[in-house]
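In the text below, chain A, chain B and the rest are named by the order of the sequence lines, each starting its count at 1.
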Amino acid sequence: MPHVSVADALKGTPGPDAEVTVKGWVRTRRDSKGGFSFVAVNDGSSFDSVQVVAAKELPNYAGQVMHLTAGCSVVCTGKLVRSQGKGQAFEIQASAVEVVGTVDDPDTYPISPKQHSFEYLREVAHLRPRTNTFGAVARVRHTLANAVHRFFHENGFLWVHTPIITTSDAEGAGQMFKVSTLDAANPPRTPSGTVDYAKDFFGKPASLTVSGQLDVETYCMALSKVYTFGPTFRAENSNTPRHLAEFWMIEPEVAFADLAADADLAEAFLKSIFKTLLNERPEDMKFFADRIDKGCIARLEAFVDSSFERVTYTDAIAILEKAAAGGKKFEFPVSWGMDLQTEHERYLTEEHVGRPVVVMNYPKDIKAFYMRLNDDEKTVAAMDVLAPGIGEIIGGSQREDRLDVLDRRIVEMDMDPAAYWWYRDLRRYGSVPHAGFGLGFERTIMYATGMQNVRDVIPFPRTPGHAEF
RNA sequence: UCCGCAGUAGCUCAAUGGUAGAGCAUCCGGCUGUUAACCGGAAUGUUGUAGGUUCGAGUCCUACCUGCGGAGCCA
């Protein structure tokens with residue numbers, strides 16, 4: 001019998017009255033003393049489960065089918081027919097229900113068919129993909145990841161696998177996790193008593209990457225349009241619904257591009273992946289709209305349809321100052337030179353513009369060393385994309401391509417030029433203007449689904465004190 | 001890391017300082033082409049941990065642990 005996915009069975013793809021086999025896990029069982037049971041079987045291929053009608057004539061009906069509980073794994077074979085009941089177009093009239101795996105102790109099976117709190121489900125993260133919400137999150141996460149690759153592929157970008165382990169100095173992006181094979185209790189020492197990293201695996205201190213940007217710039221300076229999409233690590237003691245110690249980041253980099261082109265790319269990119277999501281996961285998105293965040297579909301549709309406003313940082317400050325003068329209350333006072341707080345970002349995108357806005361040309365003192373210094377010598381060619389409902393969703397910049405200016409900035413920021421010798425080489429050998437941006441993948445999923453906690457949009461969240469599973 | 005709130009049955013939650021309960025899940029029975037079905041019954045507890053106050057503590061106090069929210073850091 002051909003094995004079909006639950007998704008295909010529900011759509012009736014194999015055709016009416018086809019003999020099919022579905023394989024999956026029981027969600028619920030409802031009995032009829034008319035002599036049959038309804039078994040909802042889900043295999044993750046779709047949000048909905050398929051209804052398997054199992055009659056008492058089955059040899060294992062009383063012995064096994066009647067004892068099926070949530071979580072049991074089954075292989076069900078039978079005829080795919082139009083359903084007599086409401087709620088599904090097709091169902092399976094079973095000729096055989098093979099119980100592959102039973103549930104050890106149904107009394108304590110952690111995933112009962114009733115609603116659970118997300119906090120509780122994090123404690124059983126190995127079983128939570130069996131719930132409606134986490135199945136939907138997994139499918140949306142996959143679809144968005146796939147849409148990211150498709151967008152870049154179709155636009156001539158190459159996916160570059162930048163290293164996870166790095167010996168580069170931190171570029172100011174945060175605390176790094178150390179990677180070492182030294183005996184922590186008794187490390188080799190130099191004569192002066194410090195740990196002798198020359199004897200470590202890599203011969204020098206190594207860490208997990210906080211960003212692939214510097215590495216991907218090297219490939220950009222040869223292959224023109226490139227991107228990274230992989231895990232990144234921050235050893236910050238952040239305990240918020242928006243931070244993870246291990247998260248996935250998307251970082252494109254384009255040669256012969258300036259800040260305006262970078263903003264255009266960010267706009268086209270976000271619209272593309274959200275459009276793909278709306279097109280390809282309507283059932284899951286309907287679930288999020290029904291149960292998680294009522295406005296999530298309308299928000300994405302508006303996002304896809306609206307053009308992004310562009311405004312300079314200096315103009316943004318003027319707008320905020322005017323708003324404050326007009327009676328708008330901000331917790332943090334507005335002045336040129338400060339970094340925009342969440343409340344400011346939200347005012348700009350939600351109240352002032354009412355759609356996504358790109359803020360460009362920030363003061364150099366609040367941005368990273370590699371961002372291109374503008375002619376005014378006060379600002380750098382940096383941009384943030386702000387979106388209604390979330391604030392900053394993308395941060396990017398045109399990179400400093402002039403060696404002398406880059407060196408000046410490195411020294412200004414009290415960093416060691418020698419440590420960036422290969423990054424500087426890019427400016428010595430055929431340097432070109434180039435630009436890129438970074439996007440936190442989990443935050444993108446949160447924005448799309450309305451899920452409120454970043455720990456619930458990644459399969460196994462890593463946060464301070466937590467690396468279970 | 002700082003501030004605040006919370007921790008009671010497998011899950012979600014009740015319980016004036018005075019006998020620890022309900023719904024769901026589970027098990028048994030009934031009923032029905034059922035739809036997170038419905039009806040009846042049963043079983044289910046070191047009230048986060050350790051101290052303290054009290055005749056008596058789930059309830060009040062202290063410390064710790066854990067979770068959540070906010071802030072900072074940021075993606």
Side-chain angles (χ1 to χ4, degrees), chain A residues 27-40 42 48-55 66-71 81-88 91 93 103-124 127-128 131-132 170 172-175 209-213 231-251 291 331-332 339-343 345 366-368 384-385 390-396 437-447 452-458 463-466 468:
Chain A
R27 285 290 177 85
T28 61
R29 188 194 87 237
R30 295 179 296 276
D31 302 320
S32 165
K33 276 299 183 296
F36 40 87
S37 296
F38 301 98
V39 184
N42 191 288
D48 291 311
S49 304
V50 68
Q51 175 160 287
V52 174
V53 185
M66 285 293 284
H67 297 286
L68 286 174
T69 57
V81 300
R82 294 203 175 273
S83 179
Q84 300 171 34
K86 296 189 179 82
Q88 60 281 318
E91 65 188 16
Q93 292 284 352
V103 167
D104 232 21
D105 179 10
D107 197 38
T108 58
Y109 179 61
I111 311 293
S112 66
K114 284 287 174 183
Q115 200 154 39
H116 299 287
S117 67
F118 291 146
E119 294 82 5
Y120 165 71
L121 288 170
R122 275 171 222 147
E123 295 169 11
V124 287
L127 297 172
R128 67 180 183 169
T131 64
N132 283 338
Q175 285 294 310
T209 183
V210 293
S211 163
Q213 183 201 314
T232 47
F233 307 85
R234 304 279 167 90
E236 301 282 358
N237 189 11
S238 297
N239 293 288
T240 84
R242 298 174 304 283
H243 290 84
L244 291 167
E246 176 181 302
F247 64 100
W248 285 60
M249 194 151 62
I250 298 152
E251 296 172 290
R291 304 296 290 271
E331 191 185 337
F332 294 89
D339 207 354
L340 298 182
Q341 300 291 320
T342 300
E343 58 174 345
E345 296 178 342
I366 59 172
K367 290 294 181 182
D384 283 347
V385 178
I390 191 168
E392 182 183 338
I393 188 167
I394 277 183
F437 61 78
L439 170 73
F441 187 49
E442 282 74 20
R443 290 189 182 172
T444 309
I445 301 170
M446 291 170 72
Y447 180 70
Q452 293 291 299
N453 196 308
V454 72
R455 301 174 184 108
D456 298 326
V457 297
I458 190 167
T463 53
H466 296 279
E468 199 59 68

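No engagement by A:Asp105 is indicated, since no non-hydrogen atom pair under 4.0 Å with the nucleic acid exists. Residue A:Phe332 is classed as a sugar-phosphate contact, given heavy-atom separations below 4.0 Å to backbone atoms only. Using a 4.0 Å heavy-atom cutoff across all strands shown, A:Gly438 reaches no nucleic acid atom at all. Heavy atoms of A:Gln93 sit under 4.0 angstrom from at least one base atom. Within the 4.0 angstrom heavy-atom criterion, base atoms lie near A:Glu91. Using a 4.0 Å heavy-atom cutoff across all strands shown, A:Thr69 reaches sugar-phosphate atoms only and no base atom. A:Glu442 comes within 4.0 angstrom of no nucleic acid atom, judged by non-hydrogen atoms across all strands. Note on A:Leu244: a base of the nucleic acid sits closer than 4.0 angstrom, heavy atoms only.
Taking the C1' atoms as reference points, B:C61 lies 24 Å from B:C68, given to the whole Å. Spacing between B:C38 and B:C31 at atom C1', rounded to whole Å, works out to 8 Å. Across the C1' atoms, B:G58 and B:G48 are found 12 Å apart, a figure rounded to whole Å. Using P as the reference atom, B:G51 and B:A71 are 38 Å apart when rounded to the nearest Å. Using atom C1' as the reference point in both B:G70 and B:C13, the two lie 25 Å apart (nearest Å). Of the P atoms belonging to B:C2 and B:A63, the separation is 14 Å, rounded to the nearest Å. Between the P atoms of B:C11 and B:G67, the separation comes to 16 Å (whole Å). Separating the C1' atom of B:A36 from that of B:G29 is a span of 22 Å, rounded to the nearest Å.
Of the listed nucleotides (B:U26, B:U34, B:C73), B:U34 has the atom at the smallest distance from the side chain of A:Gln88. Set against B:U32, B:G69, B:U26, the side chain of A:Asn453 has B:G69 as its closest nucleotide. Of the candidate nucleotides B:G33, B:A71, B:G69, B:A71 has the atom lying nearest to any side-chain atom of A:Thr240.
Distances shorter than 4.0 Å separate some side-chain N or O of A:Thr28 from OP1 or OP2 on B:A37. The side chain of A:Arg30 places no N or O atom within less than 4.0 Å of a non-bridging phosphate oxygen (OP1 or OP2) of B:C38.
Between the side chain of A:Glu392 and the backbone N or O of A:Asp384, no donor-acceptor pair lies under 3.5 Å.
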Give each protein N/O atom lying under 3.5 Å from an N/O atom of nucleotides 3-11 of chain B, with the pair distance.
| unit_1 | atom_1 | unit_2 | atom_2 | d |
| --- | --- | --- | --- | --- |
| B:C11 | O2' | A:His116 | ND1 | 3.0 |

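If you take CD of A:Glu236 and P of B:A71, they are 17 Å apart, rounded to a whole angstrom. Rounded to whole Å, atom P of B:U35 lies 18 Å from atom CZ of A:Arg27. Taking atom CZ of A:Phe38 as the reference point, atom P of B:C31 lies 16 Å away to the nearest angstrom. Summarising the geometry, the separation between NE2 on A:His466 and P on B:U66 is reported as 7 Å, rounded to the nearest angstrom. B:G33 atom P lies 17 Å from atom CZ of A:Arg29, rounded to whole Å. If you take CD of A:Glu119 and P of B:C68, they are 6 Å apart, rounded to a whole angstrom. Following rounding to the nearest Å, A:Leu68 (CG) and B:U26 (P) show an atom-to-atom distance of 11 Å. Atom CG of A:Asp456 and atom P of B:G67 are 14 Å apart (whole Å).
Listed by chain and number, the residues in a side chain to side chain contact (heavy atoms under 4.5 Å, CB included) with A:Glu119 are A:Ser117, A:Arg122 (sequence neighbours excluded).
For the residue pair A:Thr240/A:His243, the side-chain donor-acceptor check at 3.5 Å is satisfied.
Pair assignment for B:C11: B:G23, on the basis of Watson-Crick or G-U wobble contacts that are both within less than 3.5 Å.
In terms of heavy-atom proximity, A:Val210 sits nearest to A:Met249 at O-CE, 3.7 Å. Counting all heavy atoms, side chain and backbone alike, A:Thr209 lies closest to A:Pro231 at CG2-O, 3.9 Å.
Interatomic distance, A:Ile393 CD1 to A:Phe437 CZ, rounded to the nearest 0.5 Å: 10.5 Å.
A tilted orientation is assigned to the rings of A:His116 and A:Tyr120, their planes being inclined by 30° to 60°.
Taking 3.5 Å as the limit, the base of B:C74 and the side chain of A:Ser238 contain no donor-acceptor pair of atoms between them.
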